[in-house]
Amino acid sequence: TRAVGDGDGAEVGNAAVPPSQPSPRGGRGYGDAPWPGRKGLWAAGAALVAGGIGIVAGLLGWRSAIAPVSLSAPVAYSEATIERGRQLAALGDCAVCHTAPGGARNAGGLAMETPFGTVYTTNLTPDAETGLGRWSFSAFQRAMREGISRNGHALYPAFPYTAFAKTSDDDLTALYAYLMSQPAVHAPTPAPQMKFPFGLRPLMAGWNALFHDSSPYQADPSRSAEWNRGAYLVNGLGHCGACHTPRNALGAEQGGPAFLSGAMVEGWEAPALTGAASKSAVPWTASSLYQYLRNGHSPRHGIAGGPMAEVVRELAEVPDADIRAMASYLASFQPDTSEARADELARQAVANAQLRRPAHGAAQRLFDGACAACHHDGNGPTLLGVNTPLALNSQITSARPDSLLRTILEGVREPASQDIGFMPPFADALDDRQIAELAQYMRARFAPQEPAWSGLPQKVREARVHAMAQSAR
Ligand code: HEC
Ligand code: HEC
Ligand code: HEC
């Protein structure tokens, strides 16, 4: 191991709290914002934070700094450890958040908008002045488990340390080894611009006391080794719940039946991953989850074309056995469905959509003119890309139209892989009224079992705002 470091490892709790399980009843808790929680409630949150939690914060106060170390000692991690760290960094999407548009990889500076203000990702390269260059392993471990920076200030949970805390010491060591092996880049992190009172970092001590469990993952001995591996990856570095679990008013992920029950991220819906909350036409099986996570596409569901595409591109670095373990863990939240049965349900959903064509003159012509060249009647031969039947797409079976509207406006420009194919944006070609009619028609046509969406015109306006913010990046 490495020569540097102060040795006195950060205190690691040992309370075993297994990840929350959804109840069979389930619940659809669609939150309305990404991190953290609903905008309309932030004022209430502010009052609560300033009033109640402030007292806790005062008691817990600032945390001490961990002494800086000098990097003059040679790095002594093995190549194998560094390589494992690289794969773990991909699973954790470190570079996705810690790289500014056009900036050096992992040098930070990406602005993250939250209802509480704007926070910038930090420099994870080993630069001594602006990055992790003077961080001992203990300082890194404390940041990942407790959300405390080396100098003692609390970090905001836009950094998913609430999930990363589950990571084992071995894996944290590999991550640290990898981060320290990168070229150092001098890049100061812009100061966050938080709304009052969230600029006061000590308040986070109260938040952590309420919502954060810093203990590493504890295996559930009643489950298989593969299931436990999957749970460790999904709820730890994979931080899948950061997008797929709805949050409360103070931005903490909800537990119980809300776990992985679907949430909104940057105006996209991260669909429910539990059978109880899922609106998917066909239940997910371990093999369809594996295909989706490995290739960004499942023939029984569709593609990763929105924010999930980036996640899948990073997962390409993750070993097959780990992808299988995550799929097997996630499948345990789905009804037990054989592959043959799932294929049969997919055939039925497609046939059902063929039988019940709505009489929608103008919208039908719009679909035929703008979409049918590639999508045929929603289920044509594969001329371009993978062409999954639209009747299986969770954007169309979902309780909310947001993701379908984003696809129509923005097309599929950065799919998880090239073979998925590309779709042009229609933001300029179609006006709001046409897009609303088209979405309504597609819902009736390809998800006839579901009720019509309401409030579409307003939803189209909102989707346009999100799409414009996206293209401005
Ligand atoms: C969803 C976005 C996101 C992801 C993914 C992410 N981070 Fe961060 N990270 C942040 C933000 C934002 C901050 C700054 C928080 C603050 O200033 O309070 C941060 C801060 C940190 C810090 C504290 C640095 C300092 O100077 O205090 C460390 C260490 C860190 N991240 C490591 C990682 C590692 C390692 C990974 C991958 C395993 C990772 N992060 C993935 C958003 C992210
Ligand atoms: C940055 C936010 C984000 C993270 C992190 C994330 N997802 Fe997703 N996920 C999404 C969004 C948004 C979608 C909707 C489709 C899209 O974006 O292409 C999605 C779609 C999916 C789907 C398809 C669901 C359906 O019914 O179509 C699966 C399965 C999935 N994600 C699994 C995972 C797993 C497993 C992880 C953790 C390794 C994960 N996601 C992490 C945002 C995220
Ligand atoms: C030039 C070809 C082309 C045209 C025209 C086109 N698409 Fe697509 N579309 C694709 C490809 C390729 C994909 C990705 C592969 C797949 O899902 O089959 C896709 C995917 C989709 C998806 C699924 C996206 C996801 O992330 O799950 C929807 C929904 C969709 N298209 C709707 C439409 C609508 C509505 C129109 C007309 C306004 C349209 N498409 C026009 C090529 C096209």
Side-chain angles (χ1 to χ4, degrees), residues 34-35 88-89 91-98 108 110 112 119-124 131-132 135 139-140 143-144 147-151 153-161 164 167 175-176 179 189 192 201 204 233-234 237-244 264-266 268-273 278-280 284 288-289 292-293 296-298 301-312 315 326-327 330 366-367 370-375 382-390 393-398 403-404 407-408 411-412 415-416 420-424 426 429-430 435 438-439 442:
W35 187 82
L88 294 167
L91 174 66
D93 296 326
C94 315
V96 172
C97 282
H98 283 270
L110 178 80
M112 289 185 68
V119 58
Y120 294 86
T121 56
T122 58
N123 184 345
L124 295 185
L132 301 183
W135 285 50
F140 177 71
M144 296 291 279
I148 309 286
S149 187
R150 189 195 64 73
N151 68 9
H153 75 234
L155 296 161
Y156 294 112
F159 165 42
Y161 64 89
F164 294 166
T167 309
L175 257 177
Y176 178 77
L179 292 173
T189 303
R201 287 188 184 262
M204 288 310 304
L233 298 168
V234 162
L237 280 176
H239 69 285
C240 313
C243 291
H244 286 275
M264 297 302 289
V265 32
E266 293 160 25
W268 288 87
E269 181 186 18
L273 300 181
S278 178
K279 299 296 290 178
S280 177
W284 287 87
S288 54
L289 283 159
Y292 184 93
L293 296 174
H297 169 245
S298 149
H301 299 273
I303 65 157
M308 190 61 198
E310 222 164 14
V311 176
V312 171
L315 289 179
M326 289 197 282
L330 289 170
L366 202 53
F367 183 86
C371 322
C374 297
H375 291 284
T382 305
L383 296 184
L384 198 97
V386 291
N387 210 348
T388 324
L390 290 171
N393 196 293
S394 49
Q395 295 187 348
I396 299 172
T397 55
S398 167
S403 292
L404 173 62
T407 298
I408 297 175
V412 178
I420 284 173
F422 299 85
M423 168 174 153
F426 287 88
L430 302 175
I435 291 176
L438 185 59
M442 290 176 72

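Indexing begins at 1, ligand by ligand and atom by atom, following the structure's order.
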[Y] side chain reached by [X] side chain, heavy atoms, under 4.5 Å:
X    : Y    : answer
L273 : S278 : no
S394 : E269 : no
V96  : L110 : no
T122 : H98  : yes
C371 : L438 : yes
I148 : H153 : no
H301 : T388 : no
M308 : L293 : yes

Using a 4.0 Å heavy-atom cut-off, say whether [X] meets ligand 3 through its side chain, its backbone, both or neither.
X    : answer
L366 : neither
F422 : backbone
H297 : neither

Run the numbers for me: atoms of ligand 3, each under 4.0 Å from some heavy atom of [X], listed by number.
X    : result
L438 : 38 (C)
M442 : 35 (C)
G421 : 12 (C)
I408 : 35 (C)
C374 : 1 (C), 2 (C), 3 (C), 4 (C), 5 (C), 42 (C), 43 (C)
P424 : 1 (C), 3 (C), 4 (C)
L404 : 29 (C)

Please work out, at 4.0 Å between heavy atoms, whether the side chain, the backbone, both, or neither of [X] comes within that distance of ligand 1.
X    : answer
L237 : side chain
P160 : side chain
Y120 : backbone
L124 : side chain
V119 : side chain

Heavy atoms only: which of [options] is nearest to [atom]?
atom                    : options                : result
atom 38 (C) of ligand 2 : G238, G92, C240        : C240
atom 42 (C) of ligand 2 : A270, A327, S288       : A270
atom 17 (O) of ligand 1 : R201, M204, H153       : R201
atom 15 (C) of ligand 3 : I420, L390, T388, V412 : I420
atom 35 (C) of ligand 2 : V234, N393, L330       : L330

Quiz item: Do any N/O atoms on D93 end up under 3.5 angstrom from N/O atoms on ligand 1?
Solution: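 Looking only at distances, the answer is no, because the N/O contact criterion of under 3.5 Å is not met.
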Where is the nearest protein heavy atom to [atom]: which residue, which atom, and how far?
atom                    : result
atom 20 (C) of ligand 2 : Y292 OH, 3.4 Å
atom 1 (C) of ligand 1  : C97 SG, 2.7 Å
atom 36 (C) of ligand 1 : C94 SG, 2.8 Å
atom 25 (C) of ligand 2 : S394 OG, 3.2 Å
atom 41 (C) of ligand 1 : F164 CE1, 3.5 Å
atom 33 (C) of ligand 2 : M308 CE, 3.3 Å
atom 23 (C) of ligand 1 : L155 CD1, 3.6 Å
atom 10 (C) of ligand 1 : F159 CB, 3.4 Å
atom 26 (O) of ligand 1 : W135 CZ2, 3.5 Å

Quiz item: Just distances here: any N/O of P271 and N/O of ligand 2 closer than 3.5 Å?
Solution: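 In fact, backbone or side chain, P271 has no N or O that close.
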Quiz prompt | Interatomic spacing from CG in L237 to SG in C94 - rounded to 0.5 Å | solution =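 Separation between the atoms: 7.0 Å.
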Quiz item: What distance do T189 atom OG1 and Y120 atom OH have between them, rounded to the nearest 0.5 Å?
Solution: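 The OH atom of Y120 is 11.0 Å from OG1 of T189, to the nearest 0.5 Å.
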Answer with yes or no whether [X] contacts ligand 2, where contact means a heavy atom under 4.0 Å from a ligand atom.
X    : answer
H244 : yes
A304 : yes
P307 : yes
E269 : yes

Just which atoms of ligand 1 are under 4.0 Å from any heavy atom in [X]?
X    : value
S149 : 25 (C), 26 (O), 27 (O)
T122 : 14 (C), 20 (C), 21 (C), 22 (C), 24 (C), 25 (C), 26 (O)
T121 : 10 (C), 11 (C), 12 (C), 42 (C)
A158 : 1 (C), 2 (C), 42 (C)

Quiz prompt | side chain to side chain contact (heavy atoms under 4.5 Å, CB included) between T407 and F426, worked out | solution = CA-CA 9 Å; T407 298; F426 287 88; over 6 Å; no
Examine distances only and state if a side-chain atom of [X] and a backbone atom of [Y] form a donor-acceptor pair shorter than 3.5 Å.
X    : Y    : result
R201 : A154 : yes
T167 : F164 : yes
T397 : K279 : yes

Practice problem: Look at the rings of Y176 and F140 and say which category their plane angle falls in: under 30° parallel, 30 to 60° tilted, over 60° perpendicular. | Solution: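 Correct class here is tilted.
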Can you sort out which atoms of ligand 2 are near [X], meaning under 4.0 Å from one of its heavy atoms?
X    : answer
W284 : 23 (C), 24 (C), 25 (C), 26 (O), 27 (O)
L289 : 29 (C)
G305 : 16 (C), 18 (O)

Exercise. Examine all N, O or S atoms of C243, backbone included, and report whether one is under 2.8 Å from atom 8 (Fe) of ligand 2.
Key: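 No, since none of the N, O or S atoms of C243 sits under 2.8 Å from atom 8 (Fe) of ligand 2.
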Quiz item: ligand 3 and T407, any nitrogen or oxygen pair closer than 3.5 angstrom?
Solution: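 Not met; the criterion fails.
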Self-check item: Between H297 and Y292, ring centroids under 6.0 Å
Solution: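 Centroid distance H297-Y292: not below 6.0 Å, so no.
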Exercise. Output yes if H98 passes the N/O/S-under-2.8 Å test against atom 8 (Fe) of ligand 1; output no otherwise.
Key: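 So H98 counts as coordinating atom 8 (Fe) of ligand 1, yes.
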